[in-house]
Visitor: 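Can you keep this structure in mind? I'll have questions shortly.
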Amino acid sequence: MEFDDQMRRFFGTDDLGAVSPAVMASGIERMQVEFGLEADKGRRFAMWSLLYMLGSAPDLDVAFKDERDRDAARTFMDLLDQANDTAAV
């Protein structure tokens, strides 16, 4: 699942700056529901990643049963934090 595809699917645009707070809340809620129902590991990880960036991801132990998936999510979190730290400098 491509990032832009997720944005259009859940928020109707690939520009989050153009999304109203109501549309943002609704899109996050739909994404959380679909995340809970999704069986494909790759799609689950992609949805979790976007939810994480939006501050709405479930905890790792809830989101991922497999330790390797939790490790991948931790790595993603670390990389995103590093990118944000670099951008702030």
Side-chain angles (χ1 to χ4, degrees):
M1 178 181 287
E2 297 290 326
F3 182 75
D4 291 344
D5 294 337
Q6 287 187 67
M7 300 292 285
R8 285 187 290 274
R9 178 182 177 109
F10 295 109
F11 303 103
T13 181
D14 54 8
D15 178 11
L16 280 184
V19 173
S20 72
V23 170
M24 178 69 74
S26 176
I28 288 171
E29 184 177 345
R30 283 194 317 272
M31 188 179 298
Q32 289 170 328
V33 169
E34 284 198 33
F35 176 81
L37 299 172
E38 184 60 58
D40 181 84
K41 289 174 74 164
R43 291 177 59 89
R44 276 183 68 82
F45 192 86
M47 281 190 271
W48 180 88
S49 298
L50 182 53
L51 285 167
Y52 176 77
M53 290 187 284
L54 296 173
S56 298
D59 291 336
L60 296 179
D61 59 335
V62 173
F64 304 109
K65 293 179 182 164
D66 188 294
E67 182 63 32
R68 291 173 294 178
D69 295 337
R70 289 191 297 271
D71 288 343
R74 284 186 197 98
T75 299
F76 174 80
M77 293 164 61
D78 291 344
L79 290 171
L80 191 60
D81 287 345
Q82 289 173 10
N84 287 335
D85 289 346
T86 302
V89 174

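Numbering starts at 1 and runs along the sequence shown.
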Visitor: For residues 15-26, dump all side-chain donor-acceptor pairs below 3.5 Å to protein atoms at least two apart in sequence or in another chain.
Guide:
unit_1 : atom_1 : unit_2 : atom_2 : d
D15    : OD1    : G17    : N      : 3.1
S20    : OG     : V23    : N      : 3.2
S26    : OG     : R30    : NH1    : 2.9

Visitor: When rounded to the nearest 0.5 angstrom, what is the spacing between OG1 in T75 and CG in L80?
Guide: 12.5 Å
Visitor: Under the side-chain contact (heavy atoms from CB on, under 4.5 Å) test, which residues partner L37, sequence neighbours left out?
Guide: V33
Visitor: With a 3.5 Å distance limit and no angle check, can you tell me whether Q6 reaches the backbone of L50 through a side-chain donor-acceptor pair?
Guide: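 Side chain of Q6 to backbone of L50, a donor-acceptor pair under 3.5 Å: no, none is there.
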Visitor: Does M31 offer a backbone N or O that forms a donor-acceptor pair with the side chain of R9 under 3.5 Å?
Guide: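 Checked: no pair found.
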Visitor: How close do E38 and R43 get, heavy atom to heavy atom, and via which atoms?
Guide: OE1-NE, 3.2 Å
Visitor: How would you list, by chain and number, every residue that makes a salt bridge (charged side-chain N to carboxylate O under 4.0 Å, His left out) with D40, sequence neighbours excluded?
Guide: none
Visitor: How would you list, by chain and number, every residue that makes a ring-ring contact (aromatic ring centres under 6.0 Å, His included) with Y52, sequence neighbours excluded?
Guide: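 Y52 satisfies ring-ring contact (aromatic ring centres under 6.0 Å, His included) with W48 once adjacent residues are dropped.
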Visitor: Looking only at non-hydrogen atoms, find the nearest pair between P58 and F35 and report the distance.
Guide: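 In terms of heavy atoms, the two residues are closest at CG-CE2, 3.6 Å.
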Visitor: Test side-chain contact (heavy atoms from CB on, under 4.5 Å) on M77 and L60; report intermediate values, then the result.
Guide: CA-CA 11 Å; M77 293 164 61; L60 296 179; 4.1 Å; yes
Visitor: Once side-chain contact (heavy atoms from CB on, under 4.5 Å) is applied, do any residues pair with D4, and if so which ones, sequence neighbours excluded?
Guide: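 Partners of D4 under the side-chain contact (heavy atoms from CB on, under 4.5 Å) test: R8, D14.
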Visitor: Salt bridge (charged side-chain N to carboxylate O under 4.0 Å, His left out): which pairs involve residues 70-84, sequence neighbours left out?
Guide: E67-R70, E67-R74, D71-R74
Visitor: Report the residues that fulfil side-chain contact (heavy atoms from CB on, under 4.5 Å) with Q32, sequence neighbours left out, ordered by chain and then residue number.
Guide: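 I28, L51, S56.
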Visitor: Starting from V62, walk the hydrophobic network (Ile, Leu, Val, Met, Phe, Trp, Tyr; side-chain heavy atoms closer than 4.5 Å) and list everyone else you reach, by chain and number.
Guide: none
Visitor: If you define the side chain from C-beta out and look only at heavy atoms, does anything of F11 sit under 4.5 Å from L54?
Guide: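 A side-chain contact under 4.5 Å exists here.
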